[in-house]
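Single-structure report; data block below.
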Amino acid sequence: MEEQRNPPKILEEEGKEESAMKKKSQNEISSLPDSILLHILSLLPVKYAAATSVLAKRWRDLSICNLIHAANLDFGDEVADNPAPEQFVDFVNRCVNIHVGKKIERFRLCFDPSDRFRSDAVNWIGFATRKNVKELHLDFCRRRDHYDIREETTSDEHKPFELPELLFTNESLTHLDLSHCVLTLPLDFSGFGFLKTLRLRDVNITETTLECLLANCPVLEKLILKECPLQSIKIPESNQQLRTLTLCHCWQGSEIEISAPNIRSFLYWGKLMQWFSIKNISALEEAVIYIREREDGRPDDVRIRILSDLAYVKILTICGGALPWHTPKDFRVTFNNLKELQLLADSVCDVYSFFRQSICPCLERFYIRLPGVPEDMCLWEYVGMPTVEPLNCVFNHLKLIKMGNFRGSKVELKMVKFLLERATVLESLVLVVPQESYAIKKDLGDESEDSEFQSNSIKTPPLCLLQEKLLQLPKASLGAQIILRESLEGCNDILLNR
Amino acid sequence: MASAKVFVLRTCDGETFEIDESVAYVSETIKNMIEDGFGHDLIPLPNVSSKILLKVIEYCRKHVSNFESSKKTSNGDEKDKDNDSWKKEKEAVPEVEKDAEEKARVEELKEWETTFIDIDQQVLFDLLQAANYLNIKGLLVMAAEKAASMIRGKTPEQIRETFNIKNDFTPEEYEDIRKKDAMNDFTPEEYEEIRKKIADNHFTPEEYEQIRKENAWAIE
């Protein structure tokens with residue numbers, strides 16, 4: 001393609017003064033050669049790249065050339081602002097028909113085909129497969145807002161999209177990301193020999209299918225299962241390369257068994273399962289366990305199991321709901337490698353719970369997100385929460401403690417005192433006070449919990465008052481700095497340290 | 001391996017710059033010139049101004065030092081060696097194998113990149129040209145992404161305004177574009193014609209008209 005010479009400068013019809021500066025300079029972007037402009041267009045989702053076709057004639061050519069040779073076809077994020085699905089379907093069909101390149105690297109689609117466009121969607125997947133796409137992202141965005149609440153059964157329109165078998169013949173896949181569809185493997189499925197990342201969100205898949213799929217993806221490194229209706233999730237030993245595993249909101253999951261030997265990072269966000277095990281735990285470096293609810297009367301054996309299985313991690317994020325309350329007297333997990341701990345506490349007592357059950361000899365950084373409500377000691381007893389401070393607990397490497405949602409209540413200060421007395425090499429303690437703080441109105445020394453619990457007292461003690469109280473606390477590390485500050489962000493960030 | 005070798009580059013406006021071998025080698029073009037034996041004298045860069053070369057050298061130095069420090073914190077993964085590590089791969093789950101030091105390094109690099117590429121249009125386009133000529137993949141990708149980000153999400157009018165692109169369609173041609181007429185099916189022969197035309201880059205006004213309609217969906 002040749003470079004087009006610009007015609008002499010002609011003023012825009014709307015003579016705006018702001019663009020006077022720009023008028024002075026020539027069309028700098030137009031002085032770039034075609035290859036660079038095509039490169040820029042290739043980085044845009046198809047919609048935006050196609051929109052440049054109306055800018056000027058040269059852009060018209062470039063836009064089409066980009067489209068027909070595009071290695072990255074991104075038709076994503078269209079549903080929200082797409083009033084006319086027919087137009088979208090036509091557009092994609094044309095792009096697909098006009099494409100001459102032999103291969104594409106990436107194909108991304110975000111579209112609810114419903115019944116009308118099912119065959120089109122199948123065609124598009126066929127297209128991507130024929131072009132040996134490496135990264136395939138298909139989000140079939142089932143629109144739940146169309147659900148008719150009068151009907152018990154879902155109408156045809158809401159039947160999720162069934163992935164065509166031809167998808168599974170594509171042996172060049174390295175990334176597969178599927179949302180809101182049904183996955184069944186063809187009988188002659190020969191596997192995805194190059195698949196590194198698999199993400200399934202709200203994908204209707206059976207346990208056997210998942211097993212078969214995993215067994216035939218020998219180089220899989222990342223697996224993400226989100227909102228999938230699986231009751232048991234088994235990650236076999238054969239997935240030797242698997243390093244990252246994320247299980248999120250798989251609400252029916254009651255059995256989790258992980259045997260893959262090289263998992264470094266594990267994230268679980270869901271309900272407490274009935275059976276849990278990770279084998280070969282020595283490779284695990286980072287774990288995030290987020291189990292929100294705490295059902296009364298459920299035995300703590302699974303929680304105990306979870307804690308024990310995570311003993312080798314270096315970085316642990318765990319929430320109060322995952323900590324066992326009732327453990328055998330001499331139960332201790334020694335976290336020999338744990339350097340960083342992030343506790344998402346439902347109660348100040350969770351801090352005591354954790355350190356009663358765990359020994360963390362190398363802990364260096366401790367982040368706590370405190371609960372969002374004032375705490376009632378009577379309530380603690382009522383629900384049977386253990387409240388006793390652990391006795392033999394010392395932190396010889398702990399350098400940093402950071403707490404979010406700190407309000408300066410009596411129980412919080414007591415916990416801070418507990419930590420300060422035991423952190424012998426502490427360098428800094430950072431306490432973040434939420435902006436709209438619902439701190440206890442009365443004197444911080446007052447113990448009448450009932451009225452606190454009901455009141456919405458808003459008056460924050462002035463920070464300087466809190467600072468004074470904090471400075472009076474005894475500390476094992478004399479050089480430790482105590483920093484009190486207000487947070488501008490929401491106080492519900494899950495992760496304080498990222 | 002830090003070698004004592006130093007090379008001198010000369011820009012189109014006559015200024016000279018000294019750089020280490022490792023920094024020079026970030027540019028494939030310069031690397032090839034040196035390997036072909038042109039390194040003992042000045043290396044002339046007639047297409048690059050001193051203002052832009054300064055920026056380029058800044059990038060190359062950062063790239064080299066970043067590579068050095070990443071070798072220390074990671075397992076010396078050879079994959080990081082070439083410019084691939086600067087490609088922005090948007091993954092669903094962030095990398096978690098790195099420890100805190102590595103994380104900090106990546107964070108710092110991102111911040112540096114954001115500041116580095118926060119430049120005005122003229123400089124950006126000159127940088128694109130230079131990165132292209134000097135064959136510095138990572139810089140080209142970074143600059144192209146910046147340019148793409150200036151296009152993404154804008155209406156054609158806004159894009160024209162941003163880049164001062166002249167609309168050279170006739171009023172009639174443009175009127176056709178504005179019409180949202182998407183229901184236009186091409187026959188396979190028509191597509192074949194279009195494909196050939198695109199390869200040869202010859203459009204007649206009628207063909208322009210036809211193809212413009214197909215993009216109605218993409219036009220706000």
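Just so it is clear, the model here is predicted, and its values are computed rather than measured. Basis for what follows: all heavy atoms, side chains included, without hydrogens, waters or symmetry-related copies. To find a chain, count down the sequence lines: A is the first, B the second, and so on, and within it residues start at 1.
Under the 4.5 Å side-chain criterion, counting only non-hydrogen atoms from C-beta, B:Pro156 is not in contact with A:Thr52.
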Could you check A:His39 against B:Val141 for side-chain contact (heavy atoms from CB on, under 4.5 Å), going step by step and ending with a plain yes or no?
CA-CA 8 Å; A:His39 186 150; B:Val141 169; 4.3 Å; yes
Between B:Gln129 and A:Leu32, does the side-chain contact (heavy atoms from CB on, under 4.5 Å) criterion hold? Intermediate values first, please.
CA-CA 7 Å; B:Gln129 299 255 35; A:Leu32 291 173; 3.4 Å; yes
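Scanning for salt bridge (Lys or Arg N to Asp or Glu O under 4.0 Å) contacts around B:Glu58 gives an empty result, with sequence neighbours left out.
In this structure, the side chain of B:Arg152 does not engage the main chain of A:Tyr48 through any donor-acceptor pair within 3.5 Å. Within the 3.5 Å criterion, the main-chain N or O of A:Ala56 finds no donor-acceptor partner in the side chain of B:Asp168.
For the atom pair OG1 of B:Thr162 and CD1 of A:Ile29, the computed distance is 9.0 Å after rounding to the nearest 0.5 Å. With rounding to the nearest 0.5 angstrom, the CH2 atom of A:Trp59 is 12.0 Å from the CZ atom of B:Phe169.
Other residues, nucleotides and ligands contribute at most 12 non-hydrogen atoms within 6.0 Å of the OH atom of A:Tyr312. Few gaps surround NZ on B:Lys146; more than 12 heavy atoms of other groups in view lie less than 6.0 Å from it.
A side-chain contact (heavy atoms from CB on, under 4.5 Å) with B:Ile151 is found for exactly one of A:Leu55, A:Leu44, A:Leu43, namely A:Leu44.
Only the side chain of A:Ile36 comes within less than 4.5 Å of a heavy atom in chain B; its backbone stays farther off. Residue A:Ser35 touches chain B through its side chain alone, counting heavy-atom pairs closer than 4.5 Å.
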